[in-house]
Amino acid sequence: MGDTLTEKILDDHLVEGDLETGEEIGIEIDQVLTQDTTGTMVWLQFEAMGLDEVQTEIAAQYCDHQTYQFDFKNTDDHRFLRSAAGTYGAHFSRPGNGICHNVHRENFAAPGKTLLGSDSHTPTPGGLGQLAIGAGGIDVTVAMGGAPYYIEMPEVVNVRLEGELPEWATAKDVILEMLRRLSVKGGVGKILEYTGPGVESLTAPERMTITNMGTELGATSSLFPTDDQTKDYLERVGRAEEYVELQPDDDAEYDDEIVVDLSDLEPLIAQPSMPDNVVPVHEVAGESVEQVIVGSCTNGAYEDILPAAKMLEGREVDKKTEMIVAPGSKQASEILAREGWVAEMMAAGVNFSEATCGACIGIGHVPASDSVSLRTFNRNFEGRSGIEDDNVYLCSPEVAAAAAIKGEIVDPRDLADELEELEDPGIELPDEYDASKVDLITPEEAVDDELVKGPNIGDVPLREGLGSDVAGDALLKMEDNITTDHIIPATQDILMYRSNIEKLSQFTLSRVDDTFAERAQEADGGVLVAGENYGQGSSREHAAMCPMYLGIEAVLAQSFARIHRANLFNFGIVPLTIDEETYDAIDQGDEIEIVDDVDEAVTSGQEAFTVRVNGDEEFTATLDASERERDILAAGGKLAWTKAQAEEGGAGATPADD
Ligand code: MIC
Ligand code: SF4
């Protein structure tokens, strides 16, 4: 039996365990990336662990989420990040240089290498054959210090692509189709490996739209083999020497198979307010659109903006619609500007933004009340755009541009019939990605050699080791698919406190119940109850750190999203799985008690825990965790555990600590 490509790359990097589905494995990490809103904690934890130098081949610190610097706190964060990159040996990408995933793929992503990033869309360069995984900040800190990254060996699913995309169908429609079929939790615990004859028809940037948004399926990662398309992209970005041929074995055995016939696809759209709420565009045609944005790490590259620009050439954005282009990287802006496309788009009525995440998390371009916004982004969770009750649709740049021209949602095929000379713009790569690198500061060019902390940059919060008793009220009962945007929203008013947990924690779960933080603080402890897929979405460890700071000791959920589950262990919160009956039996405000001696049960490997509700009814909850995860929990979190390991010279110790 042959190997999948995932197994081949993992095998090359394996330092502990066997590649058996469900078993914990430790892998060596070649590259790490972090960004401005998770990066401050990454480096504060690096400092707190007493590490003094980056150990991975490449570490890159990007400043992309809050580049408008509305508040000095944002600018202080950026200055701190530059000082940390300089002090410890990472590349530093200046604010405005672009979104981490875009700049990383342009400059560092390499086939066959492993990448760990403190952002959930880190799997983007899977489209270039890189095995890239998103993780919480402290996992990135530890990997950057040279220790392995531990993960449960995922199932490897073969996504077999057949046929070729017809006119007006795009890579975005491939991933929207996957979301339509599998839902936002359909990829949890899986790596999606794309194979089949349809692969060769997709350019590397198209593949990276698909791998980027595999995150919305909950997948651990998504991966393409390498071929002439990969080689072509690497040549154009000036890194031809990094090409490695990577293919699964012909007789590779997968855990599951999904077949997508590209020829059957048509323009699709995700309706408000979940990325899996997907329908064909023509089903929602006619809906009036007030805002259109082309951008983000999914569809903000040169190859994504160009089709929209071509469609707008010589045309105008409808009078009742506003259109914004927010490029994924300054490189994309620079090339489009030199080729004259920026001017062309401006003449059509487009506003050209700096290269930033911005609007994707409600920072700038907040939609008007009771209006429709069409975006080429990857997430449309309710309220994420900066206004509650928003109506955000997700689509391809072609569908976005068509809506901008028409002022309403329209299938671009119908618009092409209406405007005779409108043609499918197709995909085109620049001959050469020839743009300035001045905003990417290498470790050799570093301008700082010590940390510079402004007044808003606080300490890493710590919790004591796990005690015997876990008891308290069910402070909040939540439904399925609660996102990290519900737990700690990322809008500007809140985002500026990412380095100040005391302040940030005041906003915990405010999107579900704005009295929560106050109640939790008064209660001095308690538990959270949730349905399926709790904590889906971002990698932000703040979604575990803040509940911990407010005294939450356990989360009882029907299931957890992968990164958030790891973050709960990392911050000493016990993640217990409950069944539907138990979920139904618990009401908000009920008294919950874990009957077992929790510390003892966690460390002894006990899986079934008894949960007593209101001193009376008893249910079973499950802790499905590896020995390492149990030790981390017992220590009160990963920082305390890593420090203890380093003192003992144990498995979690980083070389720098030896
Ligand atoms: C997101 O898309 O939600 C973010 C903002 O990029 C997050 C990171 C963060 O919260 O800082 C992510 O995807 O991990
Ligand atoms: Fe930035 Fe949005 Fe991509 Fe997150 S999903 S990295 S906020 S562009």
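All of these numbers come straight from a predicted model, not from anything done at the bench. Counting convention: from 1, in listed order, for ligands and their atoms alike. Only this structure's heavy atoms are used, side chains among them; waters, hydrogens and symmetry mates stay out.
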> Where is the nearest protein heavy atom to atom 10 (O) of ligand 1: which residue, which atom, and how far?
Replying inline: R540 NE, 2.5 Å
> Which residue supplies the protein heavy atom nearest to atom 7 (C) of ligand 1, what is that atom called, and how far is it?
Replying inline: S538 CB, 3.2 Å
> side chain to side chain contact (heavy atoms under 4.5 Å, CB included) between E290 and S373: does it pass, once the steps are laid out?
Replying inline: CA-CA 6 Å; E290 286 191 27; S373 174; over 6 Å; no
>> Give me the nearest non-hydrogen protein atom to atom 2 (O) of ligand 1 as residue plus atom name, then the distance to 0.1 Å.
In response: R384 NH2, 2.8 Å
> Going through the checks in order, is the side-chain hydrogen bond (donor to acceptor under 3.5 Å, both in side chains) test met by E106 and S329?
Replying inline: CA-CA 9 Å; E106 289 161 359; S329 71; 2.7 Å; yes
> Starting from atom 8 (C) of ligand 1, which protein heavy atom do you reach first, and at what distance in Å?
Replying inline: Q35 NE2, 3.2 Å
> Numbering the atoms of ligand 1 from 1, which are under 4.0 Å from a heavy atom of S539?
Replying inline: 12 (C), 14 (O)
>> Ignoring hydrogens, what is the shortest heavy-atom contact between H65 and T356? Give both atom names and the distance.
In response: O-OG1, 3.7 Å
>> Is the ring pair F507/Y497 parallel, tilted or perpendicular, if the boundaries are 30 and 60 degrees?
In response: parallel
>> Considering atom 1 (Fe) of ligand 2, could you give the total of protein N/O/S atoms lying closer than 2.8 Å?
In response: 1
> Atoms of ligand 1 less than 4.0 Å from T37 heavy atoms?
Replying inline: 9 (C), 11 (O)
>> Any heavy atom of M213 closer to ligand 2 than 4.0 angstrom?
In response: no
> At a 4.0 Å threshold, what atoms of ligand 1 neighbour a non-hydrogen atom of T38?
Replying inline: 9 (C), 11 (O)
>> Under a 4.0 angstrom heavy-atom cut-off, which atoms of ligand 2 come close to N378?
In response: 5 (S)
>> Taking the ring of H91 and the ring of F108, is the distance between their centroids below 6.0 Å?
In response: yes
> Using the benzene-type ring in the case of Trp, are the ring centres of Y88 and W43 under 6.0 Å apart?
Replying inline: yes
> Near D119, which atoms of ligand 1 are under 4.0 Å from a heavy atom of that residue?
Replying inline: 4 (C), 6 (O), 7 (C), 8 (C), 12 (C), 13 (O), 14 (O)
> Where is the tightest heavy-atom contact between L116 and A143, given as atom of each residue plus distance?
Replying inline: CD2-CB, 3.8 Å
> For D276 and L179, which heavy atoms make the closest approach, and how far apart are they?
Replying inline: CB-O, 3.5 Å
> Can you list the atoms of ligand 1 that are under 4.0 Å from a heavy atom of R498?
Replying inline: 9 (C), 10 (O), 11 (O)
> Would Q35 and Q66 satisfy side-chain hydrogen bond (donor to acceptor under 3.5 Å, both in side chains), going step by step from the backbone distance to the final call?
Replying inline: CA-CA 10 Å; Q35 37 87 337; Q66 182 22 318; over 6 Å; no
> In the protein, which heavy atom is nearest to atom 1 (C) of ligand 1, and how far is it?
Replying inline: R379 NH1, 3.2 Å
>> Give me the residue, atom name and distance of the protein heavy atom closest to atom 13 (O) of ligand 1.
In response: S120 OG, 2.5 Å
> Centroid-to-centroid, Y233 to Y433, below 6.0 Å?
Replying inline: yes
>> If we only consider heavy atoms of H542, is any one of them less than 4.0 Å away from an atom in ligand 1?
In response: no
> Of all heavy-atom pairs between S120 and T215, which one has the smallest distance, and what is that distance?
Replying inline: O-OG1, 2.9 Å
> Of the backbone atoms (N, CA, C, O) and the side-chain heavy atoms from C-beta on, which set of R540 has a member under 4.0 Å from an atom of ligand 2: side chain, backbone, both, or neither?
Replying inline: neither
>> At less than 4.0 angstrom from any non-hydrogen atom of H65, what atoms of ligand 1 do you find?
In response: 4 (C), 5 (C), 6 (O)
> What are the two closest non-hydrogen atoms of I29 and T56, and how far apart are they?
Replying inline: O-CG2, 3.4 Å
> When you check the gap from the basic side-chain N to the acidic O, do R379 and E216 get nearer than 4.0 Å?
Replying inline: yes
> Do you know which two heavy atoms are closest between F560 and V555, and how far apart they sit?
Replying inline: CZ-O, 3.6 Å
